[in-house]
Asker: 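Below: one structure in structure tokens.
To find a chain, count down the sequence lines: A is the first, B the second, and so on, and within it residues start at 1.
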Amino acid sequence: MSSDNRFDPASADARWQNVWEQAQTFRADSGSPKPKSYVLEMFPYPSGRIHIGHVRNYTMGDVLARYKKATGHEVLHPMGWDAFGMPAENAAMEKGVHPGGWTRDNIEHMKAQLKRLGFALDWSRELATCDQDYYGHEQALFIDLFEAGLVYRKESEVNWDPVDMTVLANEQVIDGKGWRSGAEVEKRKLNQWFLKITDFAEELLDGLGGLENWPDKVRLMQENWIGKSQGLEFSFDLSNGDKLPVYTTRPDTIFGASFVAVAADHPVARGIDSEEAREFIALCKKGGTTAAELETAEKLGFDTGITAKHPFTGADLPVYIANFVLMDYGTGAIMAVPGHDQRDFEFATKYGLPTPRVVAPSLDDADKPFDGEAEAGEGVIVNSDFLDGMEVEEAKRAIIARIEEQGRGAGKTVWRLRDWGVSRQRYWGTPIPFIHCKSCGVVPAPKESLPITLPEDVDFQTPGNPLLRHPTWKDVECPKCGGKAERETDTLDTFINSSWYFLRFASQPADKPFDAEEVAKWMPVEQYIGGIEHAILHLLYARFWTRALAHMGQLEVKEPFASLFTQGMVTHETYSRKDGGKTVYFAPDEISREAERALLKDDGGEVDIGRVIKMSKSKKNVVDPDTIVDTYGADAVRWFMLSDSPPERDLPWSEAGIEGCSRFVHRLWRLFGSYDANAAAEDKALARKTHQTIAAVAEDIEALSFNKAVARIYELTGAVEKAPASASRSHAVRSLVQLVAPMMPHLAEEAWAAMGETGLVSDAEWPKVDPAMLVEDEVTIAVQHKGKLRDTLTAPKGASKEDLEAMALASEKVQRSLDGAEIRKVIVVPDRLVNIVT
RNA sequence: GCGGGUGUGGCGGAAUGGUAGACGCCGGGGACUUAAAAUCCCCUGUCCUUUGGACGUGUGGGUUCGAGUCCCACCACCCGCACCA
């Protein structure tokens, strides 16, 4: 190898990608006796092009997968496509193409883009969720869940766009109007399919405790989402003869209840026969739901004239309709305790209702006035008859026991988590495998009839669900009675597609969704990597689906992802100009960036440099992976993705940064070119540095601290460059090739081959570390006077405290600083420092 | 409002309670070259009375021989949830 040959990524990248493909280097063998490692990144939606965030995500997983392979693991590192969803239908409507064709074209393009980055993927397991083969098995699983009692139908409200004749997701409703049609959105009741995720609420909550290798943030978000609360449900007797159940988490404050409130949708509210009541209810419904509106929303109420009898005092409490009470939590009605709940406090203040104190710092404070707000904290119970003097928790237990004795109610756990509505009135999704028969009702499709495939001949130019509109698709015989029946025309939420794809990657039999034994060899996923935006929905649904399958005996594993890592975004500064009142943005490739300013290539004029923010099309601060791979090669791009920023934080893309990475690729190539297999001398210091670096990089990769691994590689590179030829140096160069192999695999293969190695570096074992070489025999000791650094000195490793103290006191700089002061104490930390206290 | 996170040079960031600023980027100077590119070398936290010294990790306190790191209070920014009784 000659060092004046520049490394040429344009030819090397493709050449090695080809070699790996021919040799099936990254094919996962489930029969291998090696320990298994399943590395998975969240699979992409085939939107058309890979974006830089994908590159970062898959590079991280790739480094880990390659490292695991080098350290003796059989690695499963697959890739596929989350291929159902709305953008395909939107494209169909806008461009007149078929969603399937559009999706498959995108997949083809994106796959080619991914391949150019040289990821160590087992492409033989590639799948797309829009493949019949995939969604047919999904239909079977859905029927299994139905038979296990985990699927049901219920009438439920949806956002209906009357122009597009379609159901809209909440985020498609903008200011009460459909995002596409602009039509006023209506609430409609539709019969929809639900999954009983609430049956698993307790399990899903408890299971979080076992996920030590998940970010705390994600666990907390899920915990809050599941939202367990424990309290009391009991009924008030109303003056109109009805009973009104309420739910409270503070039963201990029951003697402080001064009114009762119901939601605007509550039957009690609807039952009030007065024009004013109806007007008030309408007003409540109109109220906005945005954050700002809720923040400032005034508590409003309407006195129904009905009263509720307090179960212990017998007092008649007024019953209000209140705008702050939610119908879909608890019972839709509350006992209001103004003294100890801020919302109730505001309401009581507004309507002049009493605010009794029932919790106080001590029994002596029973009459202490409130200081303009409710006191929700701990204390002892006062003014509460038989509860007086008890602590809050004790009082809760006492009151629940008393209510239960009376047969008036019971302790109850309430969850915030709702059942998962999975019906979508859409074409591009998994058809729900059910049949509606006039005489037999809702009947699951026979498993032999699966997959129920989507019809190809559909029309997207007319509004509404194409499946519903299709002339023949829904006509079918009832599997039970053989009579005329209709297929379900709803399709499944795409989150179902992503709730089990990791199982199908692990095992792909033709006749069933997966083979349990085969799956058991790989699952759980050892390391899952993806964006924080999936912290709740995808990750909770996948956990639920996995547990549901385990519950049905189809799987052993209960938690699909042993470790989770959520990576940061790739960001970029923005370039803009004010044009009248408008801000016009420019793309990075329209700009020439200088140290202090940015110029528009077109006219040479200056543009404003904006904040470094998430890449987005509207701000034009995007870079295209293809372009940068063309310019710098895959290895430089991969290296950039791993450098500088810790992987969980945002990574600012910069032209200068990628240039630096590209320079380093070539610098390494020159260094590798200096490899001399025959050098003989020993260089102990360099050998030590090499072993230390190998150990540290391994540790960093395992901790996913790629930025630190990168820094260590830079350091070793610098040291090797300066070192004269020796056997140690040759070993260092060879080791460097292996250390960078997971990150810059093309360069590493090229160098490995040039060094005369016969196999692939991708198949090579991680370099061995000699533990004896990790220990230095000389250390630098810091010498402080009263905690301030005065000198450093070199001492043999393990020098005695006495020796170190003597050496420190011998220092001229230290003596100058001491200036004859009396030494009170000397602290010696062996191999670290000496601190002289005067 | 509730919950969580983050604050260190011009920038991205290192740092088991023990030499703050590793490593990279930017910037400055130099070598090589007719010139440029590429490459290599040196400098690069602030300030001062510069072979030395003071200050310095958002702010103010505290613990300690010693604090970026631990404790208390506060400030700023970011993220999630949102009237959940």
Side-chain angles (χ1 to χ4, degrees), chain A residues 6 215-221 223-225 227-229 231-232 246-251 253 261 263 287 289-291 293-295 297 299 322-326 328-337 340-344 346-347 376 414-416 532-533 535-536 571 573 593-596 612 639-640 643-646 648-661 663-664 666-667 670 705 707-715 717-718 721 780-793 813 816-817 824-829 831-838:
Chain A
R6 270 176 78 77
D216 290 343
K217 181 187 171 87
V218 174
R219 288 195 296 179
L220 263 158
M221 283 166 77
E223 191 180 317
N224 294 336
W225 188 262
K228 181 179 187 173
S229 76
L232 167 70
V246 298
Y247 175 73
T248 177
T249 55
R250 291 297 302 274
T253 63
T289 51
T290 66
E293 281 168 314
L294 287 176
E295 191 81 36
K299 304 281 177 285
N323 65 344
F324 67 92
V325 179
L326 303 175
D328 59 359
Y329 184 80
T331 62
I334 61 164
M335 70 167 200
V337 183
H340 308 284
D341 181 287
Q342 186 57 26
R343 293 155 300 178
D344 300 350
E346 286 168 29
F347 190 93
V414 167
W415 303 86
R416 211 189 78 112
I532 185 72
E533 67 273 19
I536 297 175
T571 56
E573 58 190 18
R593 182 75 166 86
E594 298 177 359
E596 300 293 330
V612 177
W639 187 251
F640 185 98
S643 303
D644 294 349
S645 291
E648 68 278 9
R649 289 208 213 159
D650 289 349
L651 171 67
W653 175 266
S654 76
E655 217 38 48
I658 183 68
E659 295 274 359
C661 293
R663 273 202 298 276
F664 186 59
H666 294 292
R667 183 176 151 202
R670 285 191 301 274
S705 299
N707 56 321
K708 292 192 221 165
V710 161
R712 299 202 190 267
I713 289 171
Y714 274 116
E715 272 186 83
T717 302
E721 282 170 336
T780 307
I781 305 289
V783 184
Q784 298 178 336
H785 174 209
K786 288 198 287 190
K788 289 201 185 294
L789 183 72
R790 291 295 172 227
D791 200 1
T792 57
L793 45 93
K813 287 178 184 171
R816 203 185 312 141
S817 174
R824 299 211 325 254
K825 198 169 169 187
V826 178
I827 285 138
V828 182
V829 182
D831 298 336
R832 280 273 181 191
L833 65 65
V834 179
N835 187 11
I836 300 160
V837 186
T838 55

Asker: Have a look at K217(A) and say if it touches a base, only the backbone sugar-phosphate, or nothing, with a 4.0 Å heavy-atom cut-off.
Answerer: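 Base, at least one base heavy atom under 4.0 Å.
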Asker: Using only atom types and a distance under 3.5 Å, with no angle test, would you say the side chain of D341(A) pairs donor to acceptor with the backbone of D344(A)?
Answerer: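 Yes, D341(A) side chain to D344(A) backbone: donor-acceptor pair under 3.5 Å.
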Asker: Determine the minimum heavy-atom distance between V325(A) and A261(A), stating which atoms define it.
Answerer: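 Residues V325(A) and A261(A), closest heavy atoms: CG2-CB, 3.9 Å.
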Asker: Under 4.0 Å, counting only non-hydrogen atoms across every strand here, what does Y247(A) touch: a base, just sugar-phosphate, or nothing?
Answerer: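 Base, at least one base atom sits under 4.0 Å.
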Asker: Can the ring centroids of Y329(A) and W415(A) be said to lie less than 6.0 angstrom from one another?
Answerer: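 Not close enough - the centres of the two rings lie 6.0 Å or further apart.
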Asker: Treating primed atoms plus P, OP1 and OP2 as sugar-phosphate and everything else as base, which nucleotides of nucleotides 11-19 of chain B get B, S or - for protein heavy atoms under 4.0 Å?
Answerer: -BSSSB-BB
Asker: Is any side-chain heavy atom of P646(A) closer than 4.5 Å to one of S705(A)?
Answerer: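 S705(A) vs P646(A): side chains apart.
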Asker: Can you tell me how far P of rC83(B) sits from NZ of K299(A), to the nearest Å?
Answerer: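 These atoms are roughly 10 Å apart.
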Asker: Which value, in whole Å, describes the distance between the P atoms of nucleotides rU51(B) and rU44(B)?
Answerer: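 So the two P atoms sit 16 Å from each other.
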Asker: To the nearest Å, give me how far apart CG (D216(A)) and P (rG4(B)) are.
Answerer: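 That distance rounds to 10 Å.
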Asker: For rC72(B) and rA22(B), measure between their P atoms and round to the nearest Å.
Answerer: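 It comes out at 32 Å once rounded to the nearest Å.
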Asker: Taking only side-chain nitrogens and oxygens of T249(A), does any of them come within less than 4.0 Å of OP1 or OP2 of rC84(B)?
Answerer: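 No, outside the criterion.
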Asker: If you measure from the P atom in rG10(B) to the same atom in rU6(B), how many Å do you get, rounded?
Answerer: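 Straight-line distance between the two P atoms is 23 Å.
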Asker: Can you tell me, in whole Å, how much space there is between the P of rG28(B) and that of rA67(B)?
Answerer: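 Per the computed distance, 38 Å lies between those P atoms.
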Asker: Hey, which of these two, N224(A) or L326(A), hits RNA chain B nearer its 5' end, going by closest nucleotide?
Answerer: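 So the residue in question is N224(A).
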Asker: Would a 4.5 Å heavy-atom cut-off, applied to side chains only, mark V612(A) and W653(A) as touching?
Answerer: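 Not in contact.
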Asker: Where the side chain of R790(A) is concerned, which of rG80(B), rA54(B), rG24(B) is the nearest nucleotide?
Answerer: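 Comparing rG80(B), rA54(B), rG24(B) against the side chain of R790(A), the answer is rA54(B).
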Asker: So which heavy atom on Y247(A) is nearest to which on I334(A), and how close?
Answerer: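 Looking at all heavy atoms of both residues, the closest pair is O-CG2, 4.4 Å.
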Asker: Apply side chain to side chain contact (heavy atoms under 4.5 Å, CB included) to T253(A) and list each qualifying residue two or more places apart in sequence or on a separate chain.
Answerer: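 T253(A) satisfies side chain to side chain contact (heavy atoms under 4.5 Å, CB included) with R250(A), M335(A), V337(A), H340(A), V358(A), V359(A) only.
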Asker: Taking 4.0 Å as the cut-off, does a side-chain nitrogen or oxygen of K786(A) come that near to OP1 or OP2 on rC65(B)?
Answerer: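 For rC65(B), neither OP1 nor OP2 has a side-chain N or O of K786(A) closer than 4.0 Å.
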Asker: With under 30° as parallel and over 60° as perpendicular, where do the rings of W639(A) and Y714(A) fit, or are they tilted in between?
Answerer: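 Plane angle over 60°, so perpendicular.
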Asker: Donor-acceptor pairs are to be reported for all side-chain atoms of residues 831-838 of chain A against protein atoms at under 3.5 Å, with residues two or more places apart or in another chain.
Answerer:
from: D831(A); atom 1: OD1; to: G798(A); atom 2: N; distance (Å): 2.8
from: N835(A); atom 1: OD1; to: K786(A); atom 2: N; distance (Å): 3.4
from: N835(A); atom 1: OD1; to: G787(A); atom 2: N; distance (Å): 3.0
from: T838(A); atom 1: OG1; to: H785(A); atom 2: NE2; distance (Å): 3.0

Asker: If I take atom CG in residue D328(A) and atom P in nucleotide rA85(B), what distance separates them, rounded to the nearest angstrom?
Answerer: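 For the pair D328(A) CG and rA85(B) P, the rounded distance is 13 Å.
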Asker: Using the P atom on both, measure rA20(B) against rC71(B) and round to a whole Å.
Answerer: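 The answer is 22 Å between these two P atoms.
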Asker: With R790(A), which residues qualify under salt bridge (Lys or Arg N to Asp or Glu O under 4.0 Å), at least two apart?
Answerer: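 So R790(A) forms no salt bridge (Lys or Arg N to Asp or Glu O under 4.0 Å) with any residue.
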Asker: Need the pair for rA14(B). Rule: Watson-Crick or G-U wobble, both distances under 3.5 Å, any strand; none if unpaired.
Answerer: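 Pair assignment: rA14(B) / none.
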Asker: Would you call K217(A) and I532(A) a side-chain contact if the rule is heavy atoms closer than 4.5 Å?
Answerer: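 Yes, side chains in contact.
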Asker: Quick one: look up who rC40(B) pairs with, Watson-Crick or G-U, both distances under 3.5 Å, and put none if it's unpaired.
Answerer: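 Across any shown strand, rC40(B) pairs with rG30(B).
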Asker: Under 4.0 Å, counting only non-hydrogen atoms across every strand here, what does L220(A) touch: a base, just sugar-phosphate, or nothing?
Answerer: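 Sugar-phosphate only.
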Asker: Could you tell me the Watson-Crick or G-U partner of rC74(B), where both distances fall under 3.5 Å? Say none if there is no partner.
Answerer: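 Pair assignment: rC74(B) / rG58(B).
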Asker: For R219(A) and E223(A): C-alpha separation, side-chain torsions, deciding distance, then whether side chain to side chain contact (heavy atoms under 4.5 Å, CB included) applies.
Answerer: CA-CA 6 Å; R219(A) 288 195 296 179; E223(A) 191 180 317; 5.9 Å; no
Asker: For R219(A), report the nucleic acid contact type (base, sugar-phosphate, nothing); a contact means any heavy atom under 4.0 Å.
Answerer: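 R219(A): no heavy atom of the nucleic acid under 4.0 Å.
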Asker: State which of rA85(B), rC55(B), rA22(B) makes the closest approach to the side chain of K788(A).
Answerer: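 Closest of the options to the side chain of K788(A): rC55(B).
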Asker: In terms of base orientation, is rG9(B) syn or anti, with the syn window spanning 90° either side of 0?
Answerer: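 Chi for rG9(B) falls in the syn range.
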Asker: Taking 4.0 angstrom as the limit, do R667(A) and E721(A) come out as a salt bridge?
Answerer: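 Result for this pair is yes, salt bridge flagged.
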Asker: Measure the distance from CZ on F347(A) to P on rA85(B) and round it to the nearest whole Å.
Answerer: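 Answer to the nearest Å: 19 Å.
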Asker: List, with names and distances, any nitrogen or oxygen atoms from the protein found under 3.5 Å away from nitrogen or oxygen atoms belonging to nucleotides 37-41 of chain B.
Answerer:
from: rU39(B); atom 1: O3'; to: R670(A); atom 2: NH2; distance (Å): 3.4

Asker: Rounding to an integer number of Å, can you tell me how far W639(A) CH2 sits from rC25(B) P?
Answerer: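 Spelled out: CH2 on W639(A) to P on rC25(B) is 12 Å.
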Asker: If you check every side-chain atom of A656(A), which of rA85(B), rC26(B), rG24(B) has the closest atom?
Answerer: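 Looking only at side-chain atoms, A656(A) lies closest to rC26(B).
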Asker: Applying a 3.5 Å limit to both distances, which nucleotide forms a Watson-Crick or G-U wobble pair with rG68(B)?
Answerer: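 Partner of rG68(B): none found under 3.5 Å.
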Asker: Could you tell me how far apart F324(A) (CZ) and rC83(B) (P) are, to the nearest whole angstrom?
Answerer: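 Atom-to-atom, F324(A) to rC83(B), this comes out as 12 Å.
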Asker: Quiz question: going by heavy-atom distance under 3.5 Å, is there a donor-acceptor pair between the base of rA85(B) and the side chain of R343(A)?
Answerer: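 For R343(A), whose side chain was compared with the base of rA85(B), there is a donor-acceptor pair (under 3.5 Å).
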Asker: Strictly under 3.5 Å: I want the nitrogen or oxygen pairs between protein and nucleotides 48-52 of chain B, one per line.
Answerer:
none

Asker: Using the C1' atoms only, state how far rU69(B) lies from rA14(B), rounded to an integer number of Å.
Answerer: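 The answer is 13 Å between these two C1' atoms.
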Asker: Take atom P in rG4(B) and the same atom in rG53(B), then report the distance between them in whole Å.
Answerer: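 Those two atoms are separated by 46 Å.
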Asker: At under 4.0 Å between heavy atoms, what does V325(A) touch on the DNA or RNA strands: base, sugar-phosphate, or nothing?
Answerer: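 Base contact.
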Asker: Can you measure Q342(A) atom CD to rC84(B) atom P for me and round it to whole angstrom units?
Answerer: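 About 11 Å, once rounded to whole Å.
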Asker: Taking rU49(B) as the reference, what is the distance to rA54(B) when you measure between their P atoms (whole Å, please)?
Answerer: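 Approximately 16 Å lies between the P atom of rA54(B) and that of rU49(B).
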Asker: Which nucleotide, if any, forms a Watson-Crick or G-U wobble pair with rG1(B), using both distances under 3.5 Å?
Answerer: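 Looking at the geometry, rG1(B) pairs with rC81(B).
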Asker: Tell me: CH2 of W225(A) to P of rG4(B), nearest whole Å?
Answerer: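 Spelled out: CH2 on W225(A) to P on rG4(B) is 19 Å.
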Asker: Within less than 4.0 Å of OP1 or OP2 of rA22(B), is there a side-chain N or O belonging to Y714(A)?
Answerer: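 No, Y714(A) has no side-chain N/O under 4.0 Å of OP1/OP2 on rA22(B).
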Asker: Heavy atoms only: give me the nearest S643(A)-N707(A) pair and the separation to one decimal.
Answerer: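 Closest approach of S643(A) to N707(A): C-CB, 4.3 Å.
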Asker: Which pair of non-hydrogen atoms, one from T249(A) and one from S229(A), has the smallest distance, and what is that distance?
Answerer: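 For T249(A) and S229(A), the tightest heavy-atom pair comes out as CG2-OG, 3.8 Å.
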